[in-house]
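Read the structure below first, then the notes.
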Amino acid sequence: MNYWLFKSEPNDYSIEDLARDGEAIWDGVRNYQARNFLRQMEEGDLAFFYHSNIKPPGIVGLAKVARSGEIDPTQFDPNSKYFDPKATPESPRWQTVAIAFVEKFPHPLELSVLKARFSTDELLLVRRGNRLSVMPVGEKVAEEILEIFRG
DNA sequence: GCCAACGTTGGC
DNA sequence: GCCAACGTTGGC
């Protein structure tokens, strides 16, 4: 089982939205490094849900990978801002996963706290200038984060 | 509003 | 294939 982190702007899609929907196809990722992480995900993997572009940014909840190997439907939709003219149903370019809501944490775990606690080697998220919207989280760090809430 | 980081585009 | 220009992300 692996741990991941998903960034989302809450104005766009928040942990509350995921709680309401129960499940969501994580569409719109158009970065190859992030896509490769999405391809590596397996059903049952846990994912921290992170709110970006908000004050303060931070981890706000937990989700899990409900299905892997989903085809991102927005790549075929000419009306979508994620439309990719080079993608065809016969050879799609963008795969993703469906995630399911697990829990909203009782309080956000702010980026400033994460930076104080974890080095850039331990947690990619805290690396300056990191723009990946989907990234792996090491098991040790993941368990420490869960421990904060389950102590 | 600023700007660091970095991915993408396009001319050559 | 190189690389400058440009655009986007996202923290501060």
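Here is the naming used below: chain letters follow the sequence lines, and residue numbers restart at 1 for every chain. All values derive from a computational prediction rather than experimental measurement.
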Short N/O separations, protein against nucleotides 3-7 of chain B, under 3.5 angstrom:
residue : atom : partner  : partner atom : Å
B/dC6   : O2   : A/Arg131 : NH1          : 3.4
B/dC6   : O2   : A/Arg131 : NH2          : 2.8
B/dG7   : O4'  : A/Arg131 : NH2          : 3.1

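Here the C1' atom of nucleotide C/dT9 and the OH atom of A/Tyr82 are 12 Å apart, to the nearest Å. Separating the CD atom of A/Glu110 from the P atom of C/dC12 is a distance of 11 Å, rounded to the nearest angstrom. Going from atom CG of A/Asn11 over to atom P of C/dG10 covers 13 Å, rounded to whole Å. Straight-line distance from the NE2 atom of A/His51 to the P atom of C/dC12: 17 Å, rounded to whole Å. Rounding to whole angstrom units, CD1 of residue A/Ile54 and C1' of C/dT9 are separated by 16 Å. Distance CG (A/Leu132) to C1' (C/dG10): 13 Å, rounded to an integer number of Å. Put simply, CG on A/Leu124 is 14 Å from P on C/dG10, counting in whole angstrom units. The CG atom of A/Leu125 sits 17 Å away from the P atom of C/dT9 (whole-angstrom rounding).
Scanning residues 113-123 of chain A for heavy-atom distances under 4.0 Å to DNA chain C yields A/Lys115.
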Name the atoms and distances for all side-chain donor-acceptor pairs under 3.5 Å in residues 124-137 of chain A, with sequence neighbours left out.
residue  : atom : partner  : partner atom : Å
A/Asn130 : OD1  : A/Leu132 : N            : 3.2

Show which side-chain atoms of residues 142-151 of chain A pair as donor or acceptor with protein atoms under 3.5 Å away, not counting sequence neighbours.
residue  : atom : partner  : partner atom : Å
A/Glu144 : OE1  : A/Arg117 : NE           : 3.2
A/Glu144 : OE1  : A/Arg117 : NH2          : 3.1
A/Arg150 : NH2  : A/Glu103 : OE2          : 2.5

Can you give each donor-acceptor pair under 3.5 Å made by side-chain atoms of residues 19-29 of chain A, sequence neighbours left out, with the distance rounded to 0.1 Å?
residue : atom : partner : partner atom : Å
A/Arg20 : NH1  : A/Asp17 : OD1          : 3.2
A/Asp21 : OD2  : A/Tyr13 : OH           : 2.5
A/Glu23 : OE2  : A/Arg67 : NH1          : 2.5
A/Glu23 : OE2  : A/Arg67 : NH2          : 3.2

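When A/Ile54, A/Val60, A/Ile59, A/Ile15 are each tested for a side-chain contact (heavy atoms from CB on, under 4.5 Å) with A/Pro108, only one passes: A/Val60.
Within the 4.5 Å cutoff, the side chain of A/Phe37 has no heavy atoms near those of the A/Val97 side chain.
Remark: A/Lys7 is in phosphate contact with C/dG10, judged by side-chain N or O atoms under 4.0 Å from OP1 or OP2.
Through side-chain heavy atoms spaced under 4.5 Å, either directly or across other Ile, Leu, Val, Met, Phe, Trp or Tyr residues, A/Phe83 is tied to no other residue. Cluster note: A/Tyr32 groups with A/Trp94 through ILVMFWY side-chain heavy atoms spaced under 4.5 Å, whether in direct contact or through intervening members.
Listed by first and then second residue, the salt bridge (Lys or Arg N to Asp or Glu O under 4.0 Å) pairs involving residues 36-64 of chain A amount to none (not counting sequence neighbours). The ring-ring contact (aromatic ring centres under 6.0 Å, His included) analysis of residues 61-82 of chain A, with sequence neighbours excluded, yields no pairs.
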